[in-house]
Amino acid sequence: MRYLLALALIGATGLAQAAVQTREIPYQDADGKRLVGYYAYDDAVQGQRPGVVVVHEWWGLNDYAKRRARDLAGLGYSALAIDMYGDGKQTEHPADAGKFMQAALKDPKAAAARFDAGVELLKIQPQTNTEKIAAIGYCFGGKVVLDAARRGEPLAGVASFHGALVTATPATPDSVKTRVLVEHGASDSMVTPEQVAAFKQEMDAAGANYEFVSIDGAKHGFTNPDADRLSHGEHGGPDIGYNKAADESSWADLQAFLKEVFD
């Protein structure tokens, strides 16, 4: 009986230790701006593993972006939700979110440098395989990772979820060096059919290896369970909405995509 109890205790201890670990990590961009990253990894995974950067929606580095980092860690990746606004800034007010986003995108070179600072932070984590790095982004973050692909960032892959498709720095022939996945809501009123067509034309002209998935019935923000609440908040909100089926199908697509690009 004591032997069985001891085994049970050892097993319970092992289970408690094998879990997703998280921590906030302060860092800086090239201009010395204070940023706050949210890092997650599963300590049950031995050794180094591929790394994935997560770029937040226009709301900022909120609980949703952090949850996605934890989700990726649970899949066995080294995951870092980066800070594109500074000081971990976030909001639920659409007017403020718009101002934060505009400020972050005002200077494309500064935005690129801030993204690169996040990539470098992920690479120096001891759990990260620096030869295998991908990036995913939501809404504003989708644009950030697509712009990284456009300028030839040496990433294994980038994936955009309900991301903005317009850019001030379009891809040029052979500039896209990485695989690209775009998960787009067919009912997204914030991204026009003309913008979708222009994006595809841009990627085709650049010779990019990309996949564009259009999901029927999905609106902007379809992966975020808070989208319905935020669209009807006290301040009024954009035309966004959660779609469970679209969330699940796009996440399954991402898992397959990451396996392919890292293999």
Side-chain angles (χ1 to χ4, degrees), residues 22 24-27 29 33-40 52-73 79-107 110-112 114-115 117-118 121 135-148 158-167 182-185 187-191 195 215 218-244 246-247 250-251 254:
T22 64
E24 289 192 345
I25 308 175
Y27 64 113
D29 65 9
K33 176 69 175 179
R34 181 181 182 273
L35 309 170
V36 181
Y38 180 85
Y39 181 60
V52 184
V53 168
V54 179
V55 189
H56 54 76
E57 297 174 287
W58 76 332
W59 308 113
L61 184 57
N62 57 13
D63 289 341
Y64 177 64
K66 295 175 181 178
R67 184 204 120 191
R68 285 308 191 187
R70 294 193 298 272
D71 289 343
L72 287 162
L80 178 71
I82 68 172
D83 179 8
M84 290 294 294
Y85 291 165
D87 294 318
K89 190 160 50 179
Q90 59 178 283
T91 183
E92 291 192 351
H93 196 305
D96 290 338
K99 291 176 183 176
F100 293 165
M101 181 178 68
Q102 290 172 9
L105 296 175
K106 184 177 180 180
D107 182 347
R114 190 163 289 184
F115 173 82
L121 180 63
I136 70 171
Y138 297 84
C139 180
F140 156 80
K143 171 181 170 50
V144 170
V145 302
L146 289 175
D147 281 348
V158 304
S160 165
F161 297 82
H162 43 85
L165 303 178
V166 296
T167 184
V182 176
E183 296 282 336
H184 171 74
S187 297
D188 189 335
S189 66
M190 300 176 71
V191 178
Q195 290 171 349
I215 307 174
K219 300 172 70 172
H220 197 81
F222 63 80
T223 66
N224 189 342
D226 289 331
D228 293 335
R229 176 179 64 80
L230 291 168
S231 70
H232 298 94
E234 60 179 298
H235 309 294
D239 184 22
I240 59 178
Y242 179 62
N243 185 309
K244 187 174 186 292
D247 178 21
S250 62
W251 188 250
L254 175 68

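Just so you know, these numbers come straight off a predicted model, no measurement behind them.
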Considering non-hydrogen atoms only, spot the tightest contact between [X] and [Y] and give its length.
X      : Y      : value
Leu61  : Ala81  : CD1-CB, 3.7 Å
Val145 : Ala159 : CG2-O, 3.6 Å
Ala97  : Trp59  : CB-CE3, 3.9 Å
Ala218 : Ala246 : CB-CB, 3.9 Å
Pro26  : Glu24  : CD-O, 4.0 Å
Leu72  : Ile136 : CD1-CD1, 3.9 Å

N/O donor-acceptor pair under 3.5 Å between [X] side chain and [Y] backbone:
X      : Y      : answer
Asn62  : Ala65  : yes
Asp226 : Leu230 : no
Arg114 : Met84  : yes
Tyr38  : Gly88  : no

key: From CA spacing to verdict: salt bridge (charged side-chain N to carboxylate O under 4.0 Å, His left out), Asp71, Arg68   = CA-CA 5 Å; Asp71 289 343; Arg68 285 308 191 187; 3.1 Å; yes
request  = Please work out which of the three classes, parallel, tilted or perpendicular, describes the rings of His162 and His220, given edges at 30° and 60°.
outcome  =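 It falls in the perpendicular class, over 60°.
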query = Parallel, tilted or perpendicular for Phe161 and Tyr138, by the 30°/60° rule?
reply =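 Aromatic pair Phe161/Tyr138 classed parallel.
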inquiry  = Consider ring pair (Phe, Tyr, Trp, His ring centres under 6.0 Å). Of Tyr64, Phe140, Phe115, which one does His56 pass it with?
reply    =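 Testing each of Tyr64, Phe140, Phe115 against His56, the sole residue satisfying ring pair (Phe, Tyr, Trp, His ring centres under 6.0 Å) is Phe140.
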request  = Show the numbers, then the answer: is there a side chain to side chain contact (heavy atoms under 4.5 Å, CB included) between Lys219 and Phe222?
outcome  = CA-CA 6 Å; Lys219 300 172 70 172; Phe222 63 80; 5.8 Å; no
message = Tell me which one of Leu105, Leu165, Val55 satisfies side chain to side chain contact (heavy atoms under 4.5 Å, CB included) with Lys143.
response =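 For Lys143, the side chain to side chain contact (heavy atoms under 4.5 Å, CB included) check succeeds only for Leu105.
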ask   = From Ser160 OG over to Leu254 CG, what is the distance, rounded to the nearest 0.5 angstrom?
value =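 Separation between the atoms: 11.0 Å.
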query = Could you state the interatomic distance from CG (Asp228) to CD1 (Ile240), rounded to the nearest 0.5 Å?
reply =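 These two atoms lie 8.0 Å from each other.
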ask   = Would Ile82 and Leu121 count as a side chain to side chain contact (heavy atoms under 4.5 Å, CB included) if you check the C-alpha gap in whole Å, the side-chain angles of each, and the deciding distance to 0.1 Å?
value = CA-CA 9 Å; Ile82 68 172; Leu121 180 63; over 6 Å; no
inquiry  = Pair Trp251, Thr223 - check side chain to side chain contact (heavy atoms under 4.5 Å, CB included), show working.
reply    = CA-CA 9 Å; Trp251 188 250; Thr223 66; over 6 Å; no
